[in-house]
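Read the structure below first, then the notes.
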Amino acid sequence: MPSRSEVGLIYVIGLVQGLALVTFPAASSIFTSPSGFGFGASRYGMMFVPQVILAILASSIGPGLARRWTLKRVLQAGLSADLLAMILLAGSRLLVDVPGAAYGMLLIATGSLGFGFGAAVMAINTYAQRFVPGHEDRSVLVLNALLGAGTALAPLFVAIFLGAGVWWLMPLMVAAALTALLLLSTKVPLEASVGNVGHDATAERLPGSFWLFATAVLLYGVAETLNGNWSGPYLTRERGLSAESASFALMAFWAMVTVGRILFATVSSERTVPWIYAGLPVVLIAAFQMVSHASGAAESIVAFGLSGFGCSAFFPLSISLSGQEFPKLAALTSGELVAFYQAGYGVAAFGVGPLRDLAGLSFHAIYSWASVLGVAMFGVAFAVAQLRRPVYERRHG
C-alpha cells in the first residue's frame with residue numbers, strides 16, 4: 001500500500017502540472033499584443049506545434065520507458081522537462097525586442113512543456129489508478145480536479161503579475177515549485193506496476209473498443225483547447241475586452257473544470273458515471289453557443305464558466321473507464337489517451353489561426369460551429385455507456 005506522503009505528492013504534482021500547462025495560453029496577451037511579442041494568430045497557434053508533437057511522443061513511449069526505467073523515473077523526467085520550459089519562458093522576456101530569437105526560444109519551451117506534460121500526466125494518472133484499486137473513477141477525478149485547480153489558478157496569477165508589470169515571475173514561481181517536487185520525489189518510493197507494456201501490448205494490438213475512448217478524448221482535446229488557448233485572443237481582439245477581463249474568463253473556465261471534477265468525484269458511482277459521461281457534452285453544446293454570442297465581460301465569464309463545467313469530468317472519466325475496461329493495460333491506455341488528447345489540442349491550437357487568417361472566419365463563427373464537437377462527443381460517450389452496460393449487469397444482475 002502506498003503511504004500518505006506518496007499519494008499526497010502525486011496529487012500536488014497534478015496541481016503544479018496544471019499551473020505549468022496553462023502558463024503559456026494564460027499569457028496569450030503578452031504573445032499577441034503589439035506592446036509584447038506581437039505575434040499574429042497563426043504564429044501564436046504554431047507556437048504550440050512542438051508541444052503537441054513531443055507530448056504525443058512522451059505519452060506514447062512513456063509506458064514502455066516506465067517498464068524499462070520504472071514509472072518514477074518517467075515522472076521525474078517529465079517534471080524536469082516542465083522545469084526547463086518554465087525557465088525558458090521566463091528568459092524569453094530578455095528577447096522581447098528580438099522577436100525571431102524569442103520565438104525560437106519559445107518553440108523550445110513549448111516542446112519541453114509538451115514532453116513534460118505527456119510523461120508526467122501519463123505517470124500520475126497511472127499512479128492514481130494503481131494506488132486505490134476499486135475506486136479508480138474517484139481517484140482519477142480527484143487528481144484531475146487538482147490539475148484543473150492548477151489550470152484555474154494560472155490565469156489569476158498571470159493577471160496579477162501582468163498588472164504589476166512582471167509577468168515573467170509566473171513561470172519562475174512554477175519553476176520553484178517543480179524544483180521542490182523533484183527533490184521530494186527522490187525521498188519516496190513511488191512504486192507502481194505499469195501492466196503489460198511492450199511487445200505483447202503495442203498500440204496496434206489494443207482492443208477495438210479502445211478507439212471509442214481515443215475518439216472521445218481527441219474530440220475533447222479540440223473542445224478544451226478552443227476555450228483554453230483562444231479565449232484571450234477572442235475576447236480582446238473581437239469583443240474588445242481588456243486583458244484582465246479575458247484572464248478572468250479563462251480563470252472561470254478552468255475554475256468550473258475543477259468544480260465539476262470535484263462535484264462528480266463526490267457523486268460518481270458505477271450507476272451514475274455513464275449518465276455523467278454522456279451528459280457533459282450536452283452542456284458543452286449549449287456553452288459553445290453562449291460563448292459565441294457573449295459580448296460583455298460578465299457574459300463572457302459566465303459562458304466560459306459553463307463551458308468549463310461541460311468539459312470538467314469528461315477527460316478523467318475517459319481515462320478511468322478505459323482503465324477499468326482494460327485493467328491489464330492501464331499504463332498503456334493512459335499514455336495513448338494522453339497522446340490523443342494532445343492530438344486534439346494540436347488541431348485546435350494551430351488550426352484556428354489558419355481559419356482566421358486564411359479562411360477569414362470570425363471567432364464568433366468558430367465557437368458557434370464548435371457545438372458540433374459536443375454532438376460528436378455525446379455520440380461517442382453514449383456508445384461507451386452501452387459498452388459498459390454488460391459489465392454493470394453482470395455485477396448487479
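FYI, the numbering just counts along the sequence from 1.
The closest donor-acceptor contact from the side chain of T110 to the backbone of M47 lies under 3.5 Å. Counting only distance, with no hydrogens or angles, the side chain of T258 and the backbone of G148 share a donor-acceptor pair below 3.5 Å. Under the 3.5 Å distance criterion, the side-chain polar atoms of W230 are left unmatched by any main-chain donor or acceptor of Y367. The closest donor-acceptor contact from the side chain of R261 to the backbone of L141 lies at 3.5 Å or more, if one exists at all. Put simply, the side chain of Y11 never gets that close to the backbone of A128: no donor and acceptor are under 3.5 Å apart. Under the 3.5 Å distance criterion, the side-chain polar atoms of S247 are matched with a main-chain donor or acceptor of A243. S320 contributes a side-chain N or O that, together with a main-chain N or O of L317, makes up a donor-acceptor pair within less than 3.5 Å. Side chain of S112 to backbone of I108: no donor-acceptor contact under 3.5 angstrom is found. No donor-acceptor pair under 3.5 Å is formed between the side chain of S33 and the backbone N or O of I30. Under the 3.5 Å distance criterion, the side-chain polar atoms of S300 are matched with a main-chain donor or acceptor of G296.
Between L156 and F248 there is a side-chain heavy-atom pair separated by less than 4.5 Å. Here the side chains of Q51 and F117 are not in contact, with every heavy-atom distance at 4.5 Å or above. S185 has its side chain within reach of L9: a pair of non-hydrogen atoms, C-beta onward, lies under 4.5 Å apart. Between Y341 and V121, every side-chain heavy-atom pair lies at or beyond the 4.5 Å cut-off. In this structure, L19 and T151 have side chains that are not in contact, with every pair of non-hydrogen atoms separated by 4.5 Å or more. Looking only at side-chain heavy atoms (C-beta outward), F210 and L337 come within less than 4.5 Å of each other. In this structure, the side chains of T215 and L219 come closer than 4.5 Å at one or more pairs of heavy atoms. No side-chain heavy atom of M170 sits under 4.5 Å from any side-chain heavy atom of M86.
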L172/L169 under side chain to side chain contact (heavy atoms under 4.5 Å, CB included): CA gap, chis, key distance, verdict: CA-CA 5 Å; L172 288 181; L169 282 180; 4.3 Å; yes
Test log, rule side chain to side chain contact (heavy atoms under 4.5 Å, CB included), inputs F304 and L250: CA-CA 7 Å; F304 277 103; L250 181 60; over 6 Å; no
Y234/V291 under side chain to side chain contact (heavy atoms under 4.5 Å, CB included): CA gap, chis, key distance, verdict: CA-CA 10 Å; Y234 167 48; V291 167; 3.9 Å; yes
Derivation and outcome, ring-ring contact (aromatic ring centres under 6.0 Å, His included), residues F309 and F264: CA-CA 10 Å; F309 189 78; F264 294 126; 5.6 Å; yes
Steps toward side chain to side chain contact (heavy atoms under 4.5 Å, CB included) verdict (V352, R356): CA-CA 6 Å; V352 170; R356 288 270 299 160; 4.1 Å; yes
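Stacking of R43 on the aromatic ring of Y103 is recorded, both the 6.0 Å distance cut-off and the 45° axial limit being met.
The distance from atom CD of E6 to atom NZ of K187, rounded to the nearest 0.5 Å, is 14.5 Å. To the nearest 0.5 Å, atoms CE (M122) and CG (L65) are separated by 7.5 Å. In this structure, the separation between CG on N144 and OG on S318 is 10.0 Å, given to the nearest 0.5 Å. The distance from atom CZ of F39 to atom CE of M46, rounded to the nearest 0.5 Å, is 13.0 Å. Rounded to the nearest 0.5 angstrom, L71 CG and Q76 CD are separated by 10.5 Å. Distance check, rounded to the nearest 0.5 Å: OG of S5 to CG of L190 gives 8.5 Å.
The shortest non-hydrogen separation linking A26 to V158 is O-CG1, 3.4 Å. Heavy atoms only, all atoms of each residue included: S92 and A102 are closest at O-CB, 4.4 Å. The heavy-atom pair separating S371 from F288 by the smallest distance is OG-CB, 3.5 Å. For the residue pair G14 and L143, the shortest heavy atom distance occurs at CA-CD1, 4.1 Å. Heavy atoms only, all atoms of each residue included: C311 and N227 are closest at SG-ND2, 4.5 Å. Shortest non-hydrogen contact noted between A123 and L75 is CB-CB, 3.9 Å.
In summary, of the residues considered (W211, Y220, F213), a ring-ring contact (aromatic ring centres under 6.0 Å, His included) with F340 occurs for W211 alone.
A salt bridge does not link E299 with R239: every distance from a Lys NZ or Arg NE/NH1/NH2 to an Asp or Glu carboxylate oxygen is 4.0 Å or more.
Classified by interplanar angle (parallel below 30°, tilted 30° to 60°, perpendicular above 60°), the ring pair F31/F24 is parallel. Relative ring orientation between F48 and Y44 is described as perpendicular, the plane-to-plane angle rising above 60° on a 0-90° scale split at 30° and 60°. F314 and Y277 have parallel rings, their planes meeting at less than 30° on a 0 to 90° scale where 60° marks the start of perpendicular.
Linking ILVMFWY side-chain heavy atoms closer than 4.5 Å, directly or via other members, places L263 and L284 in a single hydrophobic cluster. Cluster annotation: V49 is connected to L21 through the hydrophobic network of ILVMFWY side chains, with a link wherever side-chain heavy atoms come within less than 4.5 Å. Under the 4.5 Å side-chain heavy-atom criterion for grouping Ile, Leu, Val, Met, Phe, Trp and Tyr, I61 is connected to L79 within one hydrophobic cluster. Residues Y345 and L355 fall within the same hydrophobic cluster, defined by Ile, Leu, Val, Met, Phe, Trp and Tyr side chains chained together at heavy-atom separations under 4.5 Å. No continuous path of hydrophobic side-chain contacts links L183 to I124 [ILVMFWY only; heavy atoms under 4.5 Å].
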